[in-house]
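Below is one structure, written out as structure tokens, with a few remarks after it.
For reference, positions follow the sequence shown, starting with 1. In what follows, every heavy atom counts, from backbone to side chain, and hydrogens, waters and symmetry copies are set aside.
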Amino acid sequence: MQALESHLTHMETTIAALPPATQRELDQLLGLLASPPGRRLLAGLSQPWDVATIEDVRQSLQLMRESTLAVRRQAYHALRDLTHAAFFADEQHWALLGYPGPRALG
């Protein structure tokens with residue numbers, strides 16, 4: 001649970017660093033995914049996220065990733081990229097990747 005809380009904190013930091021226009025687009029996407037019609041149409045998920053099983057969420061993300069509809073694929077990639085950005089920005093994960101950190105300039 002602590003790892004999830006840490007990741008969510010890094011997600012918030014990552015989102016706060018995005019340009020305002022990108023933050024607005026992300027807000028629209030998340031608002032759409034939070035609404036029952038948007039969640040159903042975009043993610044193919046009929047139940048709310050907080051009661052969906054892990055398998056339901058996995059299938060929903062897979063549907064978005066493999067969809068023939070560009071908007072579904074774009075939504076999936078935006079969510080994936082945001083999650084990856086937050087993960088890789090966390091200095092605690094750098095050693096797992098073999099990344100020593102940024103070099104000192106000068």
Note to self: So, taking the atom named CG in Leu63 and the one named CG in Leu42, what distance separates them when rounded to the nearest 0.5 Å?
What the structure shows: 9.0 Å

Next item on the list: May I ask you to decide if the ring planes of His7 and Phe87 are parallel, tilted or perpendicular, using 30° and 60° as cut-offs?
Entry: tilted

Note to self: Nearest 0.5 angstrom please: Glu25 CD to Gln28 CD, how far?
What the structure shows: 7.0 Å

Next item on the list: Tell me, yes or no, whether the heavy-atom count around Gln92 atom CD, taken from other residues, nucleotides or ligands under 6.0 Å, exceeds 12.
Entry: no

Checklist line | Smallest separation among heavy atoms of Leu79 and Met64, with atom names | finding: CD1-CE, 4.3 Å

Note to self: Could you check whether any side-chain heavy atom of His93 comes within less than 4.5 Å of a side-chain heavy atom of Leu96, counting everything from C-beta outward?
What the structure shows: yes

Note to self: Rounded to the nearest 0.5 Å, what separates atom CD in Glu5 from atom CG in Leu8?
What the structure shows: 6.0 Å

Check: Out of curiosity, does Leu41 fall in the hydrophobic cluster containing Tyr76 (side-chain heavy atoms, cut-off under 4.5 Å, transitive links)?
Finding: no

Note to self: Return the CZ to CG distance between Arg24 and Leu18, rounded to the nearest 0.5 Å.
What the structure shows: 12.0 Å

Notebook entry, point to check: Minimum heavy-atom separation for Phe88 to Trp94, with atom names?
Noted result: O-NE1, 2.8 Å

Check: Has Ile54 got more than 12 heavy atoms of other residues, nucleotides or ligands less than 6.0 Å from its CD1?
Finding: no

Note to self: When you compare the side chain of Ser60 with that of Arg39, does any pair of heavy atoms fall below 4.5 Å?
What the structure shows: no

Next item on the list: Among Val51, Leu45, Leu61, find the residue that satisfies the side chain to side chain contact (heavy atoms under 4.5 Å, CB included) test when tested with Asp56.
Entry: Leu45

Next item on the list: Work out which heavy atom in Arg73 is nearest to a heavy atom in Arg65; give both atom names and the distance.
Entry: CG-O, 3.6 Å

Notebook entry, point to check: Any side-chain heavy atom of Thr22 within less than 4.5 Å of one from Leu26?
Noted result: no

Check: Any idea which heavy atoms bring Trp49 and Val57 closest together, and the distance?
Finding: CE3-CG2, 4.1 Å

Next item on the list: Mind listing the closest non-hydrogen atom pair of Ala17 and Gln23 along with its distance?
Entry: N-NE2, 4.5 Å

Next item on the list: Please report the shortest heavy-atom distance between Asp90 and His10, naming the atom on each side.
Entry: OD2-CE1, 3.2 Å

